[in-house]
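On a predicted model such as this, the values are computed, not experimentally measured, just so you know. For ligands, and for the atoms within them, numbers begin at 1 and follow the listed sequence.
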Amino acid sequence: MKLTLLGTGLPMPNPHRKGPSQAITIGDETILVDCGPGAVHRLVEMGVKPSQINRVFLTHQHADHYLDLDYFILIRWLSGVDAPLELYGPPGIRRMVETLMEAHAFDYAERIRSTGTERGVPTFLFKEYDPGPICEINGTRVTAFNVDHLPDNLSFGFRFDDKNTSLVLSGDTAPCENVIRHAHKVDLLVHECVDARKSNLAKSSLWKSPEDRIAHMSRIHTFPEALGEVAREADPKKLVTTHMVPATVPAELKGQIEQNFKGPVVIGEDLLDFTLGE
Ligand SMILES: [Zn+2]
Ligand SMILES: [Zn+2]
């Protein structure tokens, strides 16, 4: 099993950290987990074409995790793939993707009409999952579990287990008992880390005050010191951070996490990859 971080950023544009997305290669199949803005470009940089991907998993329905999905679907289709795309997501994903496709209906119809092709528009196999095992890929079990984020009960992390190795992706979450439980002694824990204190949105009109915003963010995301506590409890063999604000200073972030966690910490970077089981 190989994990590649495609995007380690969040909604704010950052040339160095694209939107949240991971590629996981299991045997001869590569899947996408989340498809944030920039994911398709990063995937190609990684050396994988959208046409080689037949399954996409979404952790939750926040746009920073799916803004490249319609782009991915278009490129896969333009590359000649007619096989349905398997889309795993929380309940509601079907409606969201059908709405995206409706938004692009004119473009697809024109492309089909102008080329005189017999092809139809892209098709999907929707797999709206609940917590628990959701599928198996080349002998690797994929399990979804609830995390503490918004919307309640519709935000998930994933665990991947093959014969010898285990990988957990936290998805977006505040410090969460369920993550600690599912990530207990895993080989690799990829955990979000949003230090809202360092972002430049403190004066955004969405919140009454900067303090209000930071309090809100701490209820749905994980600050570095708190991530250290989560990791100390979960005790993974390695911790990797993702979903980081543009102002992140890797050495500083690592130090904050290491205040509470003494195991190996890697500050995630786009296109960094990790091979498990070798
Ligand atoms: Zn989110
Ligand atoms: Zn997010």
Side-chain angles (χ1 to χ4, degrees), residues 3-24 32-43 56-72 87-93 95-97 100 128-129 131 144-158 168-176 178-179 182-183 189-201 204 206-207 212-224 226-227 230 239-248 253 267-270:
L3 164 82
T4 306
L5 302 173
L6 296 180
T8 56
L10 30 63
M12 291 303 120
N14 177 354
H16 305 292
R17 297 187 184 281
K18 304 290 191 192
S21 182
Q22 294 85 198
I24 301 175
L32 269 185
V33 179
D34 288 335
C35 196
V40 173
H41 286 84
R42 286 288 193 241
L43 183 69
V56 175
F57 294 70
L58 297 184
T59 55
H60 64 305
Q61 222 189 110
H62 281 170
D64 54 318
H65 294 252
Y66 66 76
L67 277 170
D68 249 17
L69 185 59
D70 47 356
Y71 179 39
F72 169 82
L87 260 170
Y88 294 78
I93 214 73
R95 182 176 172 275
M96 187 271 277
V97 172
L100 279 179
E128 295 191 340
Y129 60 77
F145 57 89
N146 280 119
V147 294
D148 292 340
H149 193 60
L150 293 173
D152 284 344
N153 303 322
L154 290 174
S155 298
F156 292 88
F158 292 124
V168 165
L169 307 180
S170 72
D172 283 12
T173 184
C176 173
N178 215 20
V179 172
H182 283 88
L189 168 59
V190 179
H191 201 293
E192 71 118 275
C193 189
V194 180
D195 193 344
R197 298 164 301 192
K198 285 186 84 81
S199 76
N200 58 2
L201 295 176
S204 163
L206 268 175
W207 288 276
D212 258 23
R213 176 176 168 276
I214 287 173
H216 170 81
M217 295 297 273
S218 72
R219 287 192 293 271
I220 60 171
H221 289 296
T222 303
F223 286 19
L227 176 54
V230 167
L239 172 68
V240 178
T241 60
T242 190
H243 210 285
M244 289 165 283
V245 300
T248 296
L253 183 65
I267 304 304
E269 298 291 338
D270 289 14

Query raised in the report: Counting backbone and side chain alike, does D172 bring an N/O/S atom below 2.8 Å of the Zn ion (ligand 2)?
Result: yes
Query raised in the report: From H65, does some N, O or S atom reach closer than 2.8 Å to the Zn ion (ligand 1)?
Result: no
Query raised in the report: At their closest point, which heavy atom of R17 faces which heavy atom of E269, and how far apart are they?
Result: NH2-OE2, 3.4 Å
Requested in this report: Identify, by name, the N, O or S atom of D64 lying closest to the Zn ion (ligand 2).
Outcome: OD2
Requested in this report: Evaluate the ring planes of H149 and H60, with Trp represented by its six-membered ring, and classify them as parallel (under 30°), tilted (30 to 60°) or perpendicular (over 60°).
Outcome: perpendicular
**Report entry** Within-4.5 Å side-chain heavy-atom neighbours: S21 and D68
**Finding:** no
Query raised in the report: In H62, which N, O or S atom comes closest to the Zn ion (ligand 1)?
Result: ND1
Requested in this report: Using the side chain to side chain donor-acceptor pair (under 3.5 Å) rule, pick out the option among H243, H65, Q22 that qualifies with D34.
Outcome: H65
Query raised in the report: Taking atom types as modelled and ignoring hydrogens, do the side chains of T173 and D148 form a donor-acceptor contact shorter than 3.5 angstrom?
Result: no
Query raised in the report: Is there an N/O/S atom in H243 that lies less than 2.8 Å from the Zn ion (ligand 2)?
Result: yes
